[in-house]
Trainee: 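Okay, handing you the structure first.
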Protein chains: 2
Amino acid sequence: MENLLKNKNIRVTPFRMDVLRVFNSFENAISLSQIEEKLGSFDRITLYRTLKSFQENGLIHEIVMPGDIKKYAMCEEKCGHKEHNHQHEHIHFHCKKCSEVYCLDIPALPNFHFTNYTIENVEIQVKGICEKCQK
Amino acid sequence: MENLLKNKNIRVTPFRMDVLRVFNSFENAISLSQIEEKLGSFDRITLYRTLKSFQENGLIHEIVMPGDIKKYAMCEEKCGHKEHNHQHEHIHFHCKKCSEVYCLDIPALPNFHFTNYTIENVEIQVKGICEKCQK
DNA sequence: TATAATTATGCAACAATGTTGCAATAAATA
DNA sequence: TATTTATTGCAACATTGTTGCATAATTATA
């Protein structure tokens, strides 16, 4: 599992391994507080910096939605360094009942075109009711 | 202009009119700090509550993007009460150069389908370079 | 493998952002 | 115009995020 870090040029430290294990222990995208709960005791600042470096190096991506929803999820292997190379061929689905955020695969991102606008990055967010909460 | 508030069942007060005028003085989506600058002197808490009630009543919508980007933009006339009725047939375009956020019209939202997931709301965010920053 | 260069950690202090309760006040309703 | 109902402004607090710096750990180098 160390290689997940090494492959993205992230120095391996015990704390970063702890955080990585937290990600691996969840199915879906997770919030800061979920990470904090799992970690138990930790330094808040170090955690912020860890998440920032994970993001910058394409190991995780941030998912934000209206209503102060902010979560983190693992990127795919291929995901590149630095923010501008994050490109995910999936949508982010937020369940209004259980508040889980799922990364759902789609065949391809829709293709927009606006004259004179250069499009570098597309994100799609969907809200609704997830599979498990359908009753 | 009072009617913009009345039509959405928002009580008309001097402060709310001030905030509304701020929105009308900008072309694109605006940030909290842009509102604050325009207002000059004001009560911070009242502003938060004003924005919240504008949102809840479908007068404005919140736009959030990875990287702590949070902006507000006016809704269309038809936009309904309460958060869950916000549905905008436009995408949010964030320019990486000038940081403006544009609401750009699209003919229709793409149509996703995931077995056993109920989709209520779709948001699309695009990053790139806007018209004006193309050089 | 010991050393040097580089990066990460933990702490303190601070800054920004957002919330709650409550009394006073203003707006809509009868 | 009196009554009901919602808004305002203030204090206090809670949450979230950042910076600088000395120490410690990791990686690269000789």
Side-chain angles (χ1 to χ4, degrees), chain A residues 1-22 29-72 81-83 99, chain B residues 1-22 29-72 81-83 99:
Chain A
M1 208 165 66
E2 275 194 22
N3 286 329
L4 283 173
L5 298 179
K6 285 181 179 164
N7 292 343
K8 306 272 182 170
N9 280 303
I10 300 166
R11 276 199 185 183
V12 178
T13 69
F15 184 71
R16 288 176 174 175
M17 290 302 291
D18 287 347
V19 175
L20 189 52
R21 271 187 289 271
V22 172
I30 53 179
S31 64
L32 185 64
S33 55
Q34 284 175 304
I35 300 170
E36 290 177 335
E37 280 163 24
K38 272 273 173 178
L39 283 175
S41 89
F42 64 97
D43 181 72
R44 226 165 45 88
I45 292 112
T46 303
L47 179 55
Y48 278 117
R49 292 197 269 226
T50 298
L51 293 175
K52 183 179 279 186
S53 94
F54 280 9
Q55 279 179 82
E56 285 174 351
N57 293 288
L59 182 65
I60 65 174
H61 59 283
E62 190 184 41
I63 303 160
V64 293
M65 300 201 186
D68 294 311
I69 297 161
K70 186 175 211 167
K71 304 228 177 182
Y72 303 92
H81 288 203
K82 304 302 168 198
E83 201 206 321
S99 298
Chain B
M1 205 164 67
E2 275 192 25
N3 286 327
L4 283 172
L5 298 179
K6 284 180 180 162
N7 292 343
K8 306 272 180 170
N9 281 303
I10 301 166
R11 276 202 186 180
V12 178
T13 70
F15 184 72
R16 288 175 175 178
M17 288 302 290
D18 288 346
V19 175
L20 189 52
R21 271 187 289 271
V22 172
I30 55 182
S31 64
L32 184 65
S33 55
Q34 285 176 303
I35 300 170
E36 290 178 335
E37 281 164 23
K38 273 272 174 181
L39 283 175
S41 89
F42 63 96
D43 181 71
R44 225 165 47 87
I45 292 112
T46 304
L47 179 54
Y48 278 117
R49 291 198 269 224
T50 298
L51 293 175
K52 184 180 277 184
S53 95
F54 280 11
Q55 281 178 80
E56 285 174 352
N57 293 289
L59 181 65
I60 65 173
H61 59 281
E62 188 184 43
I63 303 159
V64 292
M65 299 201 187
D68 293 313
I69 296 162
K70 185 175 213 166
K71 305 228 176 184
Y72 303 93
H81 288 204
K82 303 299 168 200
E83 201 207 321
S99 297

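Protein chains get the first letters and strands the later ones, always in sequence-line order, with residue 1 at the start of each.
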Trainee: Under 4.0 Å, counting only non-hydrogen atoms across every strand here, what does A:Lys70 touch: a base, just sugar-phosphate, or nothing?
Mentor: sugar-phosphate
Trainee: Between CD of B:Glu56 and CD1 of B:Ile10, what distance do you get to the nearest 0.5 Å?
Mentor: 10.0 Å
Trainee: When the nearest nucleotide of DNA chain D is assigned to B:Asp43 and to A:Arg49 on a heavy-atom basis, which residue is associated with the more 5' position?
Mentor: B:Asp43
Trainee: Starting at CG of B:Asn9 and ending at C1' of D:dA6, how long is that distance when rounded to a whole Å?
Mentor: 13 Å
Trainee: Of the listed nucleotides (D:dT18, D:dA12, D:dT7), which one gets closest to any side-chain atom of B:Arg11?
Mentor: D:dT7
Trainee: Using a 4.0 Å heavy-atom cut-off across all strands, classify A:Thr13 as base, sugar-phosphate, or nothing.
Mentor: sugar-phosphate
Trainee: Do the charged groups of A:Glu2 and A:Lys6 touch, with an N to O distance under 4.0 Å?
Mentor: yes
Trainee: Taking atom P of D:dA6 as reference, at what distance in whole Å does atom NZ of B:Lys8 sit?
Mentor: 20 Å
Trainee: Specify the separation, in whole Å, of atom CD of A:Glu36 and atom C1' of D:dT16.
Mentor: 10 Å
Trainee: Name all residues meeting the side chain to side chain donor-acceptor pair (under 3.5 Å) criterion together with A:Arg11; count only those two or more places apart in sequence or in a different chain, and write none if there are none.
Mentor: none
Trainee: Using atom CG of B:Leu47 as one end and atom C1' of D:dT8 as the other, report the distance to the nearest whole Å.
Mentor: 13 Å
Trainee: Which nucleotide span of DNA chain C, 5' end to 3' end, has atoms closer than 4.0 Å to non-hydrogen atoms of chain A?
Mentor: C:dT6 to C:dA12
Trainee: Which part of the nucleic acid, if any, lies within reach of A:Arg44 when heavy atoms closer than 4.0 Å are counted: base, sugar-phosphate only, or nothing?
Mentor: base
Trainee: Mind checking the CD-CD1 spacing from B:Glu37 to B:Ile30? Nearest 0.5 Å is all I need.
Mentor: 10.5 Å
Trainee: Let me know, please, whether A:Ile10 or B:Lys52 comes out on the 5' side of the other along DNA chain C by nearest nucleotide.
Mentor: A:Ile10
Trainee: If you compare all heavy atoms of A:Tyr72 against all heavy atoms of A:Leu32, which two are closest, and at what distance to 0.1 Å?
Mentor: CE1-N, 4.3 Å
Trainee: Here's a test of your reading of the structure: between A:Val12 and A:Leu32, which maps to the more 5' nucleotide of DNA chain D?
Mentor: A:Leu32
Trainee: Is B:Arg49 paired with B:Asp43 through a side-chain N to carboxylate O contact shorter than 4.0 Å?
Mentor: no
